[in-house]
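Proteins come first, then strands; the chains are lettered A, B, ... in the order of their sequence lines, and each starts at number 1. What you are looking at is a predicted structure, and each value in this text was computed from that prediction instead of being measured.
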There are 2 protein chains.
Amino acid sequence: MTTSQSGGSPAEPGDAEKKLRPARTNATKQKLFEASMELIGERGAAGVTVDEIATAAGVSKGTVYYNFGSKSDLIAQLLRHGVDILMARLLSVRDDSADPLAAMEEMIGQAMDFMAEYPSFARLWVSENWRTPSEWQDTFAELRGRLLAVIGSAIDGVAAAYPVDPAVSRGSLETAIFGACFVVGLDRQTYNPERTREQSVAAIMASMRGYVVKQPPAQA
Amino acid sequence: MTTSQSGGSPAEPGDAEKKLRPARTNATKQKLFEASMELIGERGAAGVTVDEIATAAGVSKGTVYYNFGSKSDLIAQLLRHGVDILMARLLSVRDDSADPLAAMEEMIGQAMDFMAEYPSFARLWVSENWRTPSEWQDTFAELRGRLLAVIGSAIDGVAAAYPVDPAVSRGSLETAIFGACFVVGLDRQTYNPERTREQSVAAIMASMRGYVVKQPPAQA
DNA sequence: CTATTTGAACTGACTGGTCAGTTTAGTTAG
DNA sequence: CTAACTAAACTGACCAGTCAGTTCAAATAG
């Protein structure tokens with residue numbers, strides 16, 4: 001593990017406040033996030049060099065190591081950055097308790113929009129998420145938990161308003177929907193660009209509709 | 001007995017056809033497949049060296065290049081090898097037309113078993129499948145098509161026997177189920193080993209149950 | 001039955017190149 | 001004035017692919 005060399009290095013591990021940072025640093029970090037998300041999404045974390053990232057961001061290699069301690073750190077922060085964006089979108093769905101199924105549908109729609117807008121992040125996620133001894137194992141576990149919690153509470157909303165199939169565990173359903181969002185989003189980008197957002201949402205929503213049991217609307 | 005190993009001759013790039021199957025070579029290839037599936041699944045195609053693969057297979061590096069022309073070739077053949085196994089399992093499900101939904105369920109169960117038995121293949125697949133300019137782009141497109149066709153025909157079976165939601169396109173549903181199998185299978189391995197096979201199958205089957213419209217069972 | 005030959009399968013040291021990370025001395029911008 | 005950044009050289013490790021040489025089982029010859 002290499003440590004920051006000259007005194008007062010701004011890239012400390014204990015980062016809590018981004019707002020106190022000078023504007024220049026934030027702009028640089030932003031450019032580095034964008035460039036590395038693109039490159040790493042295309043060729044994988046191991047397939048991209050720090051020099052390439054620096055060049056693509058219009059920045060020198062030293063700047064990468066000044067802002068992030070290492071390539072590994074850069075990627076860990078990149079993962080958090082992307083999840084922050086996705087979480088914000090998911091949480092933007094008003095938990096309009098009038099119809100939990102509609103809320104769920106809008107959330108899936110938000111996820112599809114995110115996948116369309118940041119396909120490289122989605123690729124990065126699926127590429128590295130399930131590697132067993134990975135440098136980002138803990139980061140993934142935490143971020144995955146945060147995302148699943150949001151989906152889980154939306155499922156709970158549905159389960160509270162409709163009679164649902166008890167044979168389907170909430171956890172497995174969370175995972176299936178979460179995974180389907182990534183895969184359907186990526187497949188649309190890579191293999192089926194003609195597929196509409198609505199078709200994709202409808203396919204994923206099928207699992208929610210199958211979750212609520214087929215009865216005339218009855219109270220739980 | 002695999003039939004279609006296109007260009008699988010263990011000699012020069014400008015190879016002449018060689019029907020002869022030396023037992024030694026096949027055993028070596030098998031060992032190389034097993035070793036590379038494991039290593040590449042764990043650390044990614046770019047993260048594994050040919051030396052490591054050779055060592056893990058108990059073979060020298062030269063042997064890898066003798067049997068496969070390049071690292072890239074090895075991986076391409078590895079992908080075909082894995083898909084052959086998965087396809088065989090999916091096709092082993094008797095198209096017992098008595099209940100297409102039950103056939104579908106068994107197919108998903110077979111897929112879950114495959115993911116549990118070859119998690120490294122599943123990781124390799126999701127890691128490399130959606131990379132945009134990839135050496136294995138064509139290989140993936142072909143193999144993906146073959147797998148989706150099998151799932152698609154199972155969906156057709158259901159659609160022929162039950163009234164289904166016309167808002168859900170077959171293609172999107174194929175993708176969602178296919179993707180969910182990989183993701184749920186991998187998640188079970190990595191994050192939720194306590195989840196049972198049945199729970200996982202039930203979660204994925206929810207999308208099929210949501211696909212058939214909620215009416216009293218109508219005959220085809 | 002033994003000796004020799006053949007060649008496919010295999011070996012592993014070696015090459016030429018790449019890359020993460022470091023260092024330093026100087027420049028820019030807030 | 002100083003934090004942020006640049007540019008370029010450097011290091012130590014690592015790696016894909018190569019190739020001259022070795023092994024050995026089967027074919028052939030004596």
* To do: Measure the distance from OH on A:Tyr65 to C1' on D:dA8 and round it to the nearest whole Å.
  => 16 Å
* Asked: Are OP1 or OP2 of D:dT6 and a side-chain N or O of A:Ser60 less than 4.0 angstrom apart?
  -> yes
* Structure fact -> In terms of heavy-atom contacts, B:Val48 and B:Leu39 come closest through CG2-O, 3.3 Å
* salt bridge (Lys or Arg N to Asp or Glu O under 4.0 Å) partners of residues 48-77 of chain B, not counting sequence neighbours, each pair once -> B:Arg43-B:Glu52, B:Asp51-B:Lys61
* Asked: Which of these nucleotides, D:dT6, C:dA20, C:dC10, is closest to any side-chain atom of A:Lys71?
  -> C:dA20
* Structure fact -> When rounded to whole Å, the NZ to C1' distance for the pair A:Lys29 and D:dA3 reads 14 Å
* Asked: Does a side-chain N or O from A:Tyr66 land closer than 4.0 Å to OP1 or OP2 of D:dA4, or not?
  -> yes
* Does the side chain of A:Asn26 get closer than 4.0 angstrom to OP1 or OP2 of D:dA4 through an N or O atom? -> no
* For residues 145-154 of chain A, pull every pair meeting salt bridge (Lys or Arg N to Asp or Glu O under 4.0 Å), keeping only residues two or more places apart or in separate chains. => A:Asp84-A:Arg146, A:Glu142-A:Arg146
* Asked: Can we call the ring centroids of B:Tyr191 and A:Phe140 under 6.0 Å apart?
  -> no
* To do: Please state how far atom CZ in A:Phe68 lies from atom C1' in C:dT22, giving the value in whole angstrom units.
  => 18 Å
* Give a yes or no on whether a salt bridge exists between B:Arg89 and B:Asp113, defined as a side-chain N under 4.0 angstrom from a carboxylate O. => no
* Asked: Got a salt bridge between A:Arg123 and B:Glu128, using NZ or NE/NH1/NH2 to carboxylate O under 4.0 Å?
  -> no
* To do: Write down the atom of B:Leu78, the atom of B:Ile40, and the distance for their closest heavy-atom approach.
  => CD2-CD1, 4.3 Å
* Would one find a side-chain N or O of A:Thr28 under 4.0 angstrom from OP1 or OP2 of D:dC5? -> yes
* In whole angstroms, how far is the P atom of D:dC5 from the CD atom of A:Gln30? -> 13 Å
* To do: Report the distance from atom CG of B:Leu74 to atom P of D:dA16, rounded to the nearest whole Å.
  => 11 Å
* Asked: Under a 4.0 Å heavy-atom cut-off, which of residues 43-54 of chain B touch DNA chain D?
  -> B:Val48, B:Thr49, B:Val50
* To do: Please evaluate the base of D:dA16 for a donor-acceptor partner in the side chain of B:Lys61 within a cut-off of under 3.5 Å?
  => yes
* Can a side chain N or O of A:Asn67 be found less than 4.0 Å away from OP1 or OP2 on D:dC5? -> yes
